[in-house]
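Keep in mind the model is a prediction, meaning the values are calculated, not measured.
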Number of protein chains: 2
Amino acid sequence: MHSDLEKTVVSRILLIDDDTELGEMLAEYLDGEGFEITVVHNGRDGISHALSGDYEMALLDIMMPGIGGIEVLRQVRAQSRMPIIMLTAKGDDVDRVVGLELGADDYIPKPYYPRELVARIRAVLRRAGGNDGDGAANSDGNSDNAKLVNGPVMLDPARRLAAYGGQEMDLTVSEFNLLETLMRANERALSKNELSLTVLGRPREVYDRSIDVHMSNLRQKLQQVSGDASVIETVRGFGYRLRPGL
Amino acid sequence: MHSDLEKTVVSRILLIDDDTELGEMLAEYLDGEGFEITVVHNGRDGISHALSGDYEMALLDIMMPGIGGIEVLRQVRAQSRMPIIMLTAKGDDVDRVVGLELGADDYIPKPYYPRELVARIRAVLRRAGGNDGDGAANSDGNSDNAKLVNGPVMLDPARRLAAYGGQEMDLTVSEFNLLETLMRANERALSKNELSLTVLGRPREVYDRSIDVHMSNLRQKLQQVSGDASVIETVRGFGYRLRPGL
DNA sequence: AACATGTGTAAGCGATGTGTAAAGCTGGGC
DNA sequence: GCCCAGCTTTACACATCGCTTACACATGTT
């Protein structure tokens with residue numbers, strides 16, 4: 001049962017969260033990342049699904065009506081050591097500590113940046129899959145904190161450093177996420193809604209110009225350093241993409 | 001380079017802790033991880049069991065009524081070199097030093113994150129089980145007692161000594177942990193939530209400014225000794241990191 | 001030309017980070 | 001058992017940043 005870490009095997013993930021809209025969004029995104037995801041909306045179903053043995057890990061919202069996340073965790077843990085990541089909105093305090101003491105593998109506060117969520121999921125899965133207990137500090141180094149390079153543009157997600165042709169750039173979180181998302185898409189065009197989802201962690205709203213403005217600012221910073229005005233191209237009526245063949 | 005230390009035999013572990021409830025939980029969890037665990041609830045029994053030769057290692061709570069953990073450690077060490085991991089409530093670093101000097105192999109503060117505990121147990125067992133001679137913790141790079149060096153900053157986790165350019169610094173437990181965590185992350189940026197988890201042992205709560213304050217104090221001490229104001233950099237909206245290329 | 005869509009700039013304001021002080025805890029000394 | 005000292009946490013004041021909104025202008029499309 002070892003060394004079946006082939007990437008061809010999709011990881012089956014269970015999402016237990018009563019927030020259907022958010023669930024949709026996450027499910028969609030994770031699906032795109034190569035995970036197979038199932039969503040259930042209450043604690044009851046969560047427990048039974050979790051214990052079915054069909055899933056490699058679970059994402060569990062703490063705040064749920066009826067059987068809350070803590071109780072779900074407790075009951076699942078009574079029978080299973082599957083990896084579990086706790087999700088929670090801000091505002092609940094004591095429960096978190098209890099959750100971790102009960103054996104949650106990680107804890108992620110809202111707002112979820114899907115990117116970060118994926119990183120944590122991979123970290124947890126790797127820890128669970130590779131059977132060697134490694135070092136003490138439970139930092140989540142992960143496979144996708146490798147540096148991203150595309151032509152002269154370099155991004156180091158782990159260190160949160162961005163540079164163009166060796167010249168460092170000072171980017172805000174949103175600008176950084178924006179550039180990171182575009183680079184990961186690798187010249188594929190991304191819609192504004194996709195960008196809003198991954199960069200801002202929320203769906204794009206009706207008169208929402210945030211992505212546009214962040215894009216504008218990012219472009220300015222890029223141009224300041226590169227002199228190149230067209231590192232990022234506009235796809236009119238759709239979104240943006242990194243200029244092919246940079 | 002597959003090694004033969006893969007033991008098909010389960011590791012027998014002795015847990016010495018007066019807290020029965022916590023003992024239950026840990027025992028159950030560790031059992032699920034493939035360890036065979038025995039729990040005793042006082043120092044007397046702890047010593048006799050430990051010296052029985054039936055166990056590969058012991059987890060030892062420092063705080064116990066009657067014969068305390070330190071005393072147990074001393075008496076066991078008088079006759080045995082078996083691996084021992086100390087468990088303790090947060091905050092007492094004096095005990096930690098004493099424990100390590102008496103020959104404890106590792107030290108884990110409460111609250112226990114089961115995942116981390118398992119990792120440490122495996123690490124300790126691996127060290128003890130493999131060729132003990134060289135003691136060099138190899139590939140996993142996170143040997144707990146190795147000194148950490150990053151530019152002029154030097155940290156000796158075993159002795160709890162910190163220095164900048166040879167100049168010793170007097171740090172509190174939290175400040176030390178903070179610096180240690182940042183150094184282990186090796187220039188990776190860490191979110192405040194991550195830092196709170198590893199440094200304080202709890203998730204960051206809503207209006208929790210503890211990390212910020214500890215950071216402020218740590219920076220002051222660093223500057224006092226180094227004159228360098230920017231050993232630790234802020235990543236706004238995210239967290240902190242050690243300045244790359246120190 | 002008329003309309004739709006994208007871009008840049010500016011301004012307000014909530015979010016975030018820092019430093020200081022005071023209160024709360026805990027352990028050690030007596 | 002009490003008090004003191006040191007550390008951690010909380011509280012607050014202040015500075016700064018950056019996200020969003022709004023609007024004017026530019027560019028593309030029909």
Side-chain angles (χ1 to χ4, degrees), chain A residues 90 93-94 97 109-111 113 160 169-178 189-193 195-196 199-224 229-241, chain B residues 62-63 68 70 88-98 109-110 160 169-179 189-193 195-196 199-224 229-241:
Chain A
K90 53 184 172 185
D93 26 41
V94 185
V97 178
K110 276 183 182 171
Y113 297 99
R160 300 239 130 204
M169 289 183 293
D170 189 25
L171 303 182
T172 70
V173 179
S174 293
E175 288 155 13
F176 191 95
N177 288 347
L178 198 47
L190 295 169
S191 75
K192 292 192 180 183
N193 186 51
L195 287 172
S196 181
V199 172
L200 272 14
R202 61 148 199 261
R204 183 164 177 269
E205 281 157 36
V206 197
Y207 287 114
D208 197 338
R209 318 303 310 281
S210 292
I211 287 295
D212 306 63
V213 176
H214 288 309
M215 184 59 74
S216 170
N217 295 330
L218 174 57
R219 275 172 163 164
Q220 280 186 316
K221 291 186 181 175
L222 273 167
Q223 182 164 19
Q224 258 178 6
S230 60
V231 176
I232 298 170
E233 295 182 333
T234 303
V235 182
R236 183 165 248 265
F238 183 74
Y240 302 90
R241 73 157 165 256
Chain B
I62 282 192
M63 294 302 216
I70 295 290
T88 120
K90 65 168 186 176
D92 31 40
D93 67 329
V94 179
D95 285 353
R96 175 175 187 170
V97 174
V98 175
K110 281 181 184 175
R160 300 240 110 201
M169 288 182 294
D170 188 25
L171 302 182
T172 70
V173 182
S174 293
E175 289 155 12
F176 191 94
N177 288 345
L178 198 48
L179 187 53
L190 297 169
S191 73
K192 292 192 179 185
N193 186 51
L195 286 172
S196 183
V199 172
L200 272 15
R202 61 172 150 85
R204 182 164 180 269
E205 281 160 35
V206 196
Y207 290 113
D208 197 338
R209 317 304 312 279
S210 292
I211 288 294
D212 306 62
V213 176
H214 288 308
M215 184 60 74
S216 172
N217 295 331
L218 174 58
R219 274 173 164 164
Q220 281 185 318
K221 291 185 182 176
L222 273 168
Q223 183 164 19
Q224 261 178 2
S230 61
V231 176
I232 298 170
E233 296 182 330
T234 303
V235 184
R236 184 168 248 263
F238 186 79
Y240 301 91
R241 73 159 166 254

What is the distance from atom CG of B/Leu222 to atom CG of B/Asn217, rounded to the nearest 0.5 Å?
-> 11.0 Å
Interatomic distance, A/Lys221 NZ vs C/dT9 P [rounded to whole Å] | 14 Å
A/Thr172 side chain near D/dC19 phosphate (N/O to OP1/OP2, under 4.0 Å) | yes
Whole-Å gap separating P (C/dG6) and CG (A/Leu195) = 12 Å
In residues 229-237 of chain B, what donor-acceptor pairs under 3.5 Å come from side-chain atoms, sequence neighbours left out?
{"unit_1": "B/Ser230", "atom_1": "OG", "unit_2": "B/Asp228", "atom_2": "OD1", "d": "3.3"}
{"unit_1": "B/Ser230", "atom_1": "OG", "unit_2": "B/Arg243", "atom_2": "NE", "d": "3.4"}
{"unit_1": "B/Glu233", "atom_1": "OE1", "unit_2": "B/Arg241", "atom_2": "NE", "d": "2.8"}
{"unit_1": "B/Glu233", "atom_1": "OE1", "unit_2": "B/Arg241", "atom_2": "NH2", "d": "3.0"}
{"unit_1": "B/Thr234", "atom_1": "OG1", "unit_2": "B/Arg219", "atom_2": "NH2", "d": "2.7"}

How long is the gap from CZ on A/Arg160 to CG on B/Leu190, to the nearest 0.5 Å?
-> 11.5 Å
If only side-chain N and O atoms of A/Ser210 are considered, is one of them under 4.0 Å from the OP1 or OP2 phosphate oxygen of D/dT20?
-> yes
For A/Asn217 and D/dC17, what is the distance between atoms CG and C1' respectively, to the nearest whole Å?
-> 12 Å
Could you state the NE2-P distance from A/His214 to D/dC17, rounded to the nearest angstrom?
-> 17 Å
Would you list the protein and nucleotides 10-12 of chain C atom pairs, both N or O, that sit under 3.5 Å from each other?
none

Do B/Ser191 side-chain atoms and B/Gly239 backbone N/O form a donor-acceptor pair below 3.5 Å?
-> no
Enumerate the protein-to-nucleotides 16-18 of chain C contacts in which both atoms are nitrogen or oxygen and the separation is below 3.5 Å.
{"unit_1": "C/dT16", "atom_1": "O2", "unit_2": "B/Arg236", "atom_2": "NH2", "d": "3.0"}
{"unit_1": "C/dG17", "atom_1": "OP1", "unit_2": "B/Gly237", "atom_2": "N", "d": "3.2"}
{"unit_1": "C/dG17", "atom_1": "OP2", "unit_2": "B/Lys192", "atom_2": "NZ", "d": "2.8"}
{"unit_1": "C/dT18", "atom_1": "OP1", "unit_2": "B/Arg219", "atom_2": "NH1", "d": "2.7"}
{"unit_1": "C/dT18", "atom_1": "OP1", "unit_2": "B/Thr234", "atom_2": "OG1", "d": "2.7"}
{"unit_1": "C/dT18", "atom_1": "OP2", "unit_2": "B/Tyr240", "atom_2": "OH", "d": "2.6"}
{"unit_1": "C/dT18", "atom_1": "O4", "unit_2": "B/Arg209", "atom_2": "NH1", "d": "3.3"}

Nearest non-hydrogen partners of A/Ser210 and A/Leu200, listed with the distance | CB-CD2, 4.1 Å
The helix from C/dA1-D/dT30 to C/dC30-D/dG1: angle between end helix axes, five pairs per end, rounded to 10 degrees = 30°
Value in whole Å for how far the C1' atom of C/dT20 lies from CD of B/Gln220 | 9 Å
Separation of D/dG28 C1' from A/Glu233 CD (nearest whole Å) | 16 Å
Who pairs with A/Asp170 by side-chain contact (heavy atoms from CB on, under 4.5 Å), at least two apart in sequence or on another chain?
-> none
In Å, rounded to the nearest 0.5 Å, how long is the span from NZ of A/Lys221 to CG of A/Leu218?
-> 8.0 Å
What pairs with A/Ser174 under side chain to side chain donor-acceptor pair (under 3.5 Å), at least two apart in sequence or on another chain?
-> none
To the nearest 0.5 Å, tell me how far B/Met215 CE sits from B/Gln220 CD.
-> 13.0 Å
Chi angles and distances behind the salt bridge (charged side-chain N to carboxylate O under 4.0 Å, His left out) call for A/Asp208, A/Lys192 = CA-CA 10 Å; A/Asp208 197 338; A/Lys192 292 192 180 183; over 6 Å; no
Rounded off to whole Å, could you give me the CG-to-C1' distance for the B/Leu200 and C/dC25 pair?
-> 14 Å
Report the distance from atom OH of B/Tyr207 to atom P of D/dA11, rounded to the nearest whole Å.
-> 11 Å
Enter the distance from A/His214:NE2 to A/Leu178:CG here, rounded to the nearest 0.5 Å.
-> 8.0 Å
